[in-house]
Amino acid sequence: MNIIISNSSEGPIYEQIVRQIKEAILKGELEEGELLPSIRNLAKELQISVITTKRAYDELEKEGFITTIPGKGTYVAAQNKELMREKRLKIVEEKLVEAVIAAKAVNLSLEEIKEMLEILYKEV
Amino acid sequence: MFSLILKDILISKKILLLTAAFLIVWVPTFPEEARNFAAVVIMVGMAYMGLIVTSSADETNKADILLNSLPLRRHEIVLAKYLSIFVYSAIGIAIYLLVAAATKVLGFPIYVYPINFKAVIYGILAVSFLNGIYLPLMFKFGHSYSGIVYIILVFGFSYSISYIIKLFKKLVNYDWFQNIVSFIMNQSDTVKMLFIIALALIVLTVSCLLSVKFYENREF
Amino acid sequence: MEPILEVKNLRKNFRGFTLKDISFSLPRGFIMGFIGPNGAGKSTTIKLIMNLLKRDGGEIKVFGLDNIKHEKEIKEKIGFVYEESYFYGELTISEMKRVIAPLYKNWDEEAFMKYLKEFDLPAKRKIKSLSRGMKIKFALAIALSHGAELLIMDEPTSGLDPLIRSELLDIFSSLIQDENKSIFFSTHITSDLDKVADYITLINKGKIIFSTTKDEIIENYGIVKGSKDILDENIKKYFVGIKENKFGFEGLVKDKKQIKKLLKDTVIVEKPTLEDVMLYFTKEEYRCSV
């Protein structure tokens, strides 16, 4: 699992962690039942506060991505296939929203956006 | 608490050995009459040097801050100091006895005479009095004035002896005084010795209680 | 669970300086950085916790116990590292240890030896011949070898090069892996705390300015940069402190979301470092209403 923290990005650090772990799970990089590092271990490795990592894990647990078994550790939760797909779609939606906002900021029209999308879809 | 005494010994070991060596060479040169007080000189001298050196180290290293951050009660720190002065004296006596025995066995030309037990008791009294006055001052005002105050005390002590003798000569004219003195003098040596030790203990106890009170109110 | 260190309305009067209304609390398992300019009262506060100074008012509880009534008991479990080495320079490392070890009920000789090795400290060397970094490491070795649950440090990293500082910070993070232990340390090198601290308490001129989580500060406070014509009396109210130069201004706000909504694109808003926070709160020339 890779987690890269950016200090200069606007969002709070815990959100960055939540996002990256979520993506790793949805992409299958982190498998069901896999053991995650403890909040303290993660904090030490990333050189951030334990309070931050705890917040990130709490958030992930709330959204059903991970579960914590007291005394044992934190594991990737069993992902409902339907739910997984829904969550993945949600990520696509979030990214498209970002793109639309960015596009509107430079006054691109819907047609122009669609054109760009087609070209990119074929390239990637 | 014995740790603290060990610390003081570790810090002062060089000076203590040097002082002991000096005393062992000097004391045998005393005239006949003064020989009985060899032990007193050794005990007071060793206690003095030991205290001076450790006070200086305590001052330089701001030891009070270290000691009071460790799990030690303030009265334990005070008590350790009181015990340490007797440890210095005992070391002095022990080394002297060893050297005296060694010179006898090895047949040295210089006669290092043995220590008089009575003198040791007087030594205890002298050390108790001197330090009984000095230590509370040290605990109240800190180590920086130690050296000077102590020297003043030692000299004051020796000078005041002549005054004490004069005082005694005056008091001898009083009946009640004569009665007390003859009562004491008529006791066996053992009782006299016990009396002196009791006196020393009283002085030390009062002094120690004062020191503890002073030290407990100190701030660093 | 009760906090490992709790200070309430602590007060101490000196002739030219008063420490008052000092309150903060540190739970188990976390690191609190205690920051403030020189002379703000950091060392005084630590001395009051260790009962080296007598408090004039308020309460100090360590492990839930009053720090005066249970002084000896508490100090068994406190490891301390001060800015200066108060160990006897004349003694060697092993001699000093021989003096200190018997005073702690739970002395762990194995742990001490392990630290000596890890820190590369020669046992037979006199303490006065050690460099500053080594003296601090020695103090730390002692502090960590008697089962201490709370590590109290007064400017432990000042005067050390970045390499050693980084080593020390690593040791601190490792210590906190045990969620029963906490670290409280004062420093004016705030960059160390940017990495390692969970809580930050800022003290200035004898008073606590704030005591909160580092995240709260980094995420909610903001450095705002823009042109000076934006600054009117109304806007200034939102700022903790402002610094003006020939070409614009820079300032600290407590709520960056609020300022962004207000000023939108006319300003740049960035995350503050703890140094920024400390400066804007304590430097007289920068201060604003807040």
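Letters go in sequence order (proteins before strands), and every chain restarts at 1. What you see below is based on every heavy atom in this structure, not just the backbone, and it leaves out hydrogens, waters and symmetry mates.
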Point to revise | Over 12 non-hydrogen atoms of neighbours within 6.0 angstrom of CD in Glu31(A) | key: no
Review point. Which heavy-atom pair separates Lys271(C) from Ser6(A) by the least distance, and what is that distance?
Key: NZ-O, 4.3 Å
Review point. Considering only heavy atoms, which portion of Leu46(A) lies under 4.5 Å from any heavy atom of chain C: side chain, backbone, both, or neither?
Key: neither
Revision key, fill the gap. Heavy atoms of Arg40(A) and Gly29(C) approach each other most closely as NH1-O, 2.7 Å
Study note, to complete from the structure: In this structure, CD1 of Ile48(A) is separated from CG of Asp194(C) (nearest 0.5 Å) by 13.0 Å
Check your understanding: What is the distance from atom OG of Ser174(C) to atom CG of Asn41(A), rounded to the nearest 0.5 Å?
Key -> 9.5 Å
Point to revise | Exam field: side chain Asp198(C) to backbone Val50(A), donor-acceptor pair closer than 3.5 Å | key: yes
Exercise for review: Answer whether the closest heavy-atom distance between the side chains of Asp170(C) and Lys44(A) falls below 4.5 Å.
Suggested key: yes
Study note, to complete from the structure: Turns out that what part of Tyr199(C) lies under 4.5 Å from chain A's heavy atoms comes down to side chain
Point to revise | Contacting region of Lys195(C) [heavy-atom separation from chain A under 4.5 Å] | key: both
Check your understanding: Just wondering, are more than 12 heavy atoms of other shown residues or ligands nearer than 6.0 Å to CD in Glu275(C)?
Key -> no
Check your understanding: Which one of Thr52(A), Ile13(A), Ile39(A) has the most heavy-atom pairs closer than 4.5 Å to chain C?
Key -> Thr52(A)
Point to revise | Euclidean distance, Glu179(C) CD relative to Ser38(A) OG, rounded to 0.5 Å | key: 9.0 Å
Review point. Quick one: what part of Glu219(C) sits under 4.5 Å from any heavy atom of chain A, side chain, backbone, both or neither?
Key: side chain
Revision key, fill the gap. Applying a strict 4.5 Å limit to non-hydrogen atoms, the region of Ile51(A) in contact with chain C is both
Check your understanding: Just wondering, more than 12 heavy atoms not from Asn245(C) lying within 6.0 Å of its CG?
Key -> yes
Point to revise | Euclidean distance, Ser49(A) OG relative to Ile200(C) CD1, rounded to 0.5 Å | key: 9.0 Å
**Study point:** Asp161(C), CG atom: more than 12 neighbouring heavy atoms under 6.0 Å
**Key:** yes
